[in-house]
Amino acid sequence: TNSQIPESMAAFADILSKLPDGVVLKDFDVLFNPDYKVDVMTMMVNTCKAKPFGILWPGTFDGTRLVYAEEGFQDYKTYDVSSYDITCIV
């Protein structure tokens, strides 16, 4: 494994490579646990470049940002969609 690729991203890509093409992921909330120190969006985007897949976002979309959890919680995250090569379908 390339030392520049975090172990969690390499493991995620390996698992995804074994799934059928066009798979849709859901119920991946555990990845947002701050103890894991995983940049979920970067991991998803980078892995999708190698094997395209869809996700059912486990949070909300406010028109410009994907939001996970509620402000004040440790796992609260926001992602400005214009910063990523992604398409959001509402």
Side-chain angles (χ1 to χ4, degrees):
T1 302
N2 183 336
S3 62
Q4 301 292 2
I5 299 171
E7 188 176 327
S8 58
M9 192 177 302
F12 182 76
D14 183 54
I15 291 167
L16 192 66
S17 72
K18 295 173 173 71
L19 298 175
D21 289 347
V23 71
V24 175
L25 304 179
K26 65 178 189 168
D27 301 327
F28 53 90
D29 300 71
V30 68
L31 296 176
F32 290 94
N33 183 326
D35 292 338
Y36 297 144
K37 297 178 176 56
V38 173
D39 183 338
V40 176
M41 185 62 69
T42 297
M43 182 174 71
M44 295 283 187
V45 170
N46 288 343
T47 304
C48 195
K49 290 176 184 175
K51 178 162 182 135
F53 61 94
I55 65 170
L56 294 178
W57 184 252
T60 60
F61 178 62
D62 69 7
T64 60
R65 298 176 310 147
L66 289 167
V67 180
Y68 182 80
E70 294 182 18
E71 202 167 348
F73 285 84
Q74 286 185 335
D75 56 353
Y76 173 73
K77 298 281 186 201
T78 63
Y79 302 95
D80 181 349
V81 297
S82 67
S83 299
Y84 299 92
D85 183 17
I86 61 174
T87 301
C88 297
I89 301 171
V90 182

Nearest 0.5 Å please: distance from the CE atom of Met44 over to the CE atom of Met9. 10.5 Å
Among all residues two or more places apart in sequence or in another chain, which pass the salt bridge (Lys or Arg N to Asp or Glu O under 4.0 Å) test with Asp14? Lys18
List, by chain and number, the other hydrophobic cluster members for Ile15, where Ile, Leu, Val, Met, Phe, Trp and Tyr join if side-chain heavy atoms come within less than 4.5 Å, directly or indirectly. none
Is it the case that one hydrophobic cluster holds both Val90 and Ile55, taking links as side-chain heavy atoms less than 4.5 Å apart, direct or via other members? yes
Can you tell me which residue pairs pass the salt bridge (Lys or Arg N to Asp or Glu O under 4.0 Å) test with a partner in residues 81-90, sequence neighbours excluded? none
Could you give the side-chain donor-acceptor pairs of residues 70-80 under 3.5 Å, partners two or more places apart or in another chain?
from: Asp80; atom 1: OD1; to: Ser82; atom 2: N; distance (Å): 3.1
from: Asp80; atom 1: OD1; to: Ser82; atom 2: OG; distance (Å): 2.8
from: Asp80; atom 1: OD2; to: Ser82; atom 2: OG; distance (Å): 3.4

Under a 4.5 Å side-chain heavy-atom rule over Ile, Leu, Val, Met, Phe, Trp and Tyr, are Ile86 and Val67 clustered together? no
Taking side-chain hydrogen bond (donor to acceptor under 3.5 Å, both in side chains) as the definition, give me every residue that meets it alongside Thr42, ordered by chain and number, with sequence neighbours left out. Asp39
When rounded to the nearest 0.5 angstrom, what distance separates CG in Leu66 from CE in Met41? 4.5 Å
Return all side-chain donor-acceptor pairs below 3.5 angstrom for residues 21-33, not counting sequence neighbours, or 'none' if the list is empty.
from: Asp21; atom 1: OD1; to: Lys51; atom 2: NZ; distance (Å): 3.1
from: Asp29; atom 1: OD2; to: Tyr68; atom 2: OH; distance (Å): 2.9
from: Asn33; atom 1: OD1; to: Asp35; atom 2: N; distance (Å): 2.8

Heavy-atom count check: over 12 atoms from other residues, nucleotides or ligands less than 6.0 Å from Tyr36 OH? no
Trace of the side chain to side chain contact (heavy atoms under 4.5 Å, CB included) decision for Val81 with Phe61: CA-CA 9 Å; Val81 297; Phe61 178 62; 3.8 Å; yes
